[in-house]
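Index from 1, following the sequence.
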Amino acid sequence: MVAGTVEVMNHSIFLNGIPNGLEEKLDEFRQVLGKAEGDLLKIVGVGAGAWGSVFAALLQDSYGQFRDKIQIRIWRRPGRAVDRATAEHLFEVINARENVLRRLIWRCAYLKYVEARLGDRTLYADEILKDGFCLNMIDTPLCPLKVVTNLQEAVWDADIVVNGLPSTETREVFEEISRYWKERLTMPIIISLAKGIEAALEPVPHIITPTQMINRATGVPIENILYLGGPNIASEIYNKEYANARICGAEKWRIPLAKFLRQPHFIVWDNSDLVTHEVMGGLKNVYAIGAGMVAALTNESATSKSVYFAHCTSEMIFITHLLTKEPEKLAGPLLADTYVTLLKGRNAWYGQMIAKGELSLDVGDSIIGKGMIQGVSAVEAFYELLSQSSLSVLHPGEKRAVAPVELCPILKTLYKILIRREQKAQAILQALRDETLNDPRDRIEIAQTHAFFRPSLLGQP
């Protein structure tokens, strides 16, 4: 194509090799935020796990060329060493991709990977992230990223902060961040990617979601805090597999953000139901562990996996009706998000490894090369919350009051396997094959036809 000409290709218009409309989209979003000419729009990702790193890389690929209008950076803790085996594998990944190899040679960065492979040098996670390598996703090279290891420097004047931390680390890091925002005149926008919850039992049993953690830690109004989730596997999204996502929260920000984040292969819709989407984000990780166990124990039996899917989704629907008066239905993107997580993802992988005996529960829920297995802490949180007698519901068969968890046999079994360690992974199949187990439809009908909504579960009066 001759420079300066316009060519139509796959329904996208390109000008000088650059997708036309990106700068206009950036200008429109800058205007929404009240940015003056010459004033940078500053976006920082906090946490550099797989999804957090990919999210920053997607923005960098799209908008990084407009350096006079936008700055995109990512923060991660310094000091995390790359072990020798990972360094050797990283060297293989680099040499298998000519474009990556050429880029590193051009940046005078290739030699350090040679030395690391030979054991003559130690690489660090923040160091390789600058070259586009996420420690939790070595096989998928990203674009080079601007990495900051000083948290105060990263966030103090950021317009948008993307929370890519595990839910188990969100509160602690944002409490530190709040100290750097005491003198801010305007509140930032925060997009949370975290999937998980905490359970609090005092003064009454209730859940705390990552957006609530951020709100309480920083004082940033909840209208400025949004959740983004969808049916996505980070590496596949960066490789431009077609994907959908929803950004949930207040209308003021979710609508312009959906437009700003949308890309040809990554379609972002907006939705007002923050609670259901965020809770489902945590629940899907819980049940993905069980899905991995079922897959491993049945040699990938499609029939067994479909039986599990029917029962686990009915439990998810039941739980969300306890938490939200009119929750978003488990359909469309929400159902797809659950499906892809059960099908493929670190939590499903973890369940498979436990069931196969290739991984011990003693290694904990932070796995080298995978990151945090957030479903483990979520199992404990949801079980503790739903086992409280003060939340009792009527058992449909026995006609007596029981704690909600008694109507969630899969959640109960996962708790006994992962947290109490009273049972082996095979117990998940026993739970599915229990002759007394009700049709999943019964559980859904109970949730939808009874006044089970408990405002107190969200800390509401």
Side-chain angles (χ1 to χ4, degrees), residues 29 32-34 41-47 49 51-52 55-56 59 72-75 151 154-182 184-198 200 206-230 245-261 268-283 320 323-324 327-328 334 337 374 378 381 455 457-460:
F29 188 64
V32 170
L33 268 62
L41 167 60
K42 297 182 178 181
I43 301 177
V44 63
V46 174
W51 185 209
F55 193 83
L59 291 174
I72 301 160
R73 304 192 296 175
I74 188 167
W75 171 85
L151 184 58
V155 304
W156 76 275
D157 63 346
D159 299 297
I160 299 176
V161 175
V162 180
N163 175 34
L165 297 161
S167 58
T168 49
E169 298 178 21
T170 293
R171 182 194 303 276
E172 177 186 353
V173 173
F174 275 87
E175 284 177 349
E176 182 178 350
I177 287 174
S178 69
R179 301 203 297 268
Y180 310 136
W181 284 349
K182 287 182 178 178
R184 283 192 68 131
L185 299 178
T186 58
M187 288 291 102
I189 299 169
I190 300 172
I191 302 172
S192 180
L193 310 178
K195 299 173 175 67
I197 70 158
E198 288 182 356
H206 63 282
I207 68 167
I208 307 172
T209 65
T211 57
Q212 292 172 326
M213 296 175 200
I214 294 168
N215 168 251
R216 297 176 186 183
T218 63
V220 172
I222 199 66
E223 304 84 59
N224 279 39
I225 307 174
L226 302 101
Y227 166 75
L228 185 137
R246 279 176 171 170
I247 189 158
C248 307
E251 182 177 352
K252 178 181 179 181
W253 296 123
R254 75 172 191 264
I255 292 177
L257 275 169
K259 186 174 182 180
F260 176 67
L261 296 174
V268 180
W269 296 303
D270 70 279
N271 192 281
S272 62
D273 192 347
L274 174 65
V275 172
T276 304
H277 285 80
E278 202 170 11
V279 169
M280 283 293 194
L283 276 174
T320 54
L323 297 166
T324 312
E328 180 83 11
L334 262 181
D337 194 12
Q374 297 190 74
L457 282 171
L458 295 174
Q460 300 172 3

Find out whether W181 and V161 are in side-chain contact, i.e. whether some heavy atom of one side chain is under 4.5 Å from a heavy atom of the other. yes
About how many Å separate CZ of F55 and CG of L261, when rounded to the nearest 0.5 Å? 4.5 Å
Just to verify, what does Q374 make a side-chain hydrogen bond (donor to acceptor under 3.5 Å, both in side chains) with, not counting sequence neighbours? S167
Could you pull out the closest heavy-atom pair between D270 and A258, with the gap in Å? CB-CB, 4.2 Å
Is it true that a side-chain atom of R184 and a backbone atom of T186 form a donor plus acceptor pair closer than 3.5 Å? yes
Nearest 0.5 Å, please: how far is NE2 in H277 from CG in L334? 4.0 Å
Steps toward salt bridge (Lys or Arg N to Asp or Glu O under 4.0 Å) verdict (E175, R216): CA-CA 9 Å; E175 284 177 349; R216 297 176 186 183; over 6 Å; no
Taking atom types as modelled and ignoring hydrogens, do the side chains of S272 and E251 form a donor-acceptor contact shorter than 3.5 angstrom? no
Work out which heavy atom in A245 is nearest to a heavy atom in L228; give both atom names and the distance. CB-CD2, 4.2 Å
Atom CZ in R254, atom CG in L274: separation rounded to 0.5 Å? 10.0 Å
Is there side-chain contact between V46 and V155, with heavy atoms separated by less than 4.5 Å? yes
Let me confirm one number: the CG-CZ distance from L257 to F29, rounded to the nearest 0.5 Å. 4.0 Å
Does E198 reach the main-chain N or O of T209 with its side chain, forming a donor-acceptor pair under 3.5 Å? no
Rounded to the nearest 0.5 Å, what separates atom CG in L33 from atom NZ in K42? 13.5 Å
If we only count heavy atoms from C-beta on, is the V44 to I74 side-chain gap below 4.5 Å? no
Should T320 and L283 count as side-chain neighbours, where that means a heavy-atom distance under 4.5 Å? yes
Which pair of heavy atoms, one from K182 and one from R179, lies closest together, and at what distance? CG-O, 3.8 Å
Check whether any side-chain heavy atom of I191 lies under 4.5 Å from a side-chain heavy atom of Y227, and answer yes or no. no
Heavy-atom check, side chain of L151 versus side chain of W156, under 4.5 Å: no
Note, I197 side chain near I208 side chain (heavy atom, < 4.5 Å): no
If the condition is side-chain hydrogen bond (donor to acceptor under 3.5 Å, both in side chains), which residues does N163 pass it with, not counting sequence neighbours? T170, S192
Quick check on side-chain contact (heavy atoms from CB on, under 4.5 Å): which of V220, D159, I160 does P188 satisfy it with? V220
